[in-house]
Amino acid sequence: MHRLTKTQLDKRFSEGSRQLWLLMLKRKWTQRELARALGRNHGVISRWLYGTRAPDRNSVAHVQQVLGIEPSLWAKQPLEPFVPPAAREAA
């Protein structure tokens, strides 16, 4: 399984990012598998997961269609704290 190397979330981390993480962890997907499901490069997915970039309008619509994550969540602060798996392992 692909190991994550980043441990900190960017200030733009959103509830959409958190939901994407939770879905990925629930399905036991790597970032590459998630990227494949969305037809995107895994580097793009990494930026969405860590909040360094938010998906554009078309990508948000595609994520909703494929995974069911509501578009409005990308503009909201996380509803609960979230620690990426790599940060948990480092602690």
Side-chain angles (χ1 to χ4, degrees):
M1 184 171 186
H2 176 68
R3 278 188 70 82
L4 303 171
T5 55
K6 290 177 106 174
T7 58
Q8 294 188 355
L9 303 172
D10 194 88
K11 61 185 174 189
R12 290 175 281 189
F13 183 76
S14 68
E15 180 60 17
S17 299
R18 190 179 81 85
Q19 291 296 322
L20 200 58
W21 267 113
L22 295 175
L23 186 133
M24 186 176 84
L25 294 170
K26 179 180 177 182
R27 295 185 182 185
K28 297 181 180 174
W29 283 355
T30 64
Q31 288 182 28
R32 287 184 190 275
E33 290 167 324
L34 180 59
R36 213 172 294 124
L38 293 171
R40 300 303 300 257
N41 177 286
H42 74 279
V44 170
I45 299 303
S46 178
R47 288 188 284 278
W48 293 354
L49 287 169
Y50 287 97
T52 55
R53 278 245 160 121
D56 62 30
R57 185 177 297 166
N58 290 335
S59 296
V60 166
H62 185 67
V63 169
Q64 180 185 21
Q65 183 181 24
V66 175
L67 302 174
I69 296 174
E70 291 295 320
S72 63
L73 297 179
W74 294 98
K76 293 182 180 178
Q77 292 294 314
L79 299 177
E80 296 178 23
F82 183 80
V83 178
R88 291 181 208 152
E89 293 171 8

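Just so it is clear, the model here is predicted, and its values are computed rather than measured.
By the side-chain contact (heavy atoms from CB on, under 4.5 Å) test, Ala35 is found to be paired with His42, Ile45, residues two or more places apart in sequence or in another chain being considered. A search for side chain to side chain donor-acceptor pair (under 3.5 Å) contacts involving Asp56 returns Ser59, not counting sequence neighbours. Arg12 meets the salt bridge (Lys or Arg N to Asp or Glu O under 4.0 Å) test with Asp10; sequence neighbours excluded. For Val66, the side-chain contact (heavy atoms from CB on, under 4.5 Å) criterion is met by Leu38, His62, not counting sequence neighbours. The side chain to side chain donor-acceptor pair (under 3.5 Å) search around Gln19 returns Glu15, not counting sequence neighbours.
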* Mind running side chain to side chain contact (heavy atoms under 4.5 Å, CB included) on Tyr50 and Phe13 for me, showing each step along the way? => CA-CA 6 Å; Tyr50 287 97; Phe13 183 76; 6.0 Å; no
* To do: Please assess Trp74 against Leu20 for the test side chain to side chain contact (heavy atoms under 4.5 Å, CB included), listing each intermediate value before the final yes or no.
  => CA-CA 10 Å; Trp74 294 98; Leu20 200 58; 3.9 Å; yes
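Remark: Arg40 CZ to Arg47 CZ distance equals 9.0 Å, nearest 0.5 Å.
At a threshold of 4.5 Å between non-hydrogen side-chain atoms, the residues Leu49 and Ser17 do not count as touching. At least one side-chain heavy atom of Leu9 sits under 4.5 Å from a side-chain heavy atom of Pro84. Between Leu67 and Arg27, some side-chain heavy-atom pair lies under the 4.5 Å cut-off.
The minimum heavy-atom distance between Leu34 and Met24, with the atom names listed, is CD2-SD, 3.9 Å.
Judged by the 6.0 Å distance and 45° axis criteria, Arg18 is not positioned over the aromatic ring of Trp21.
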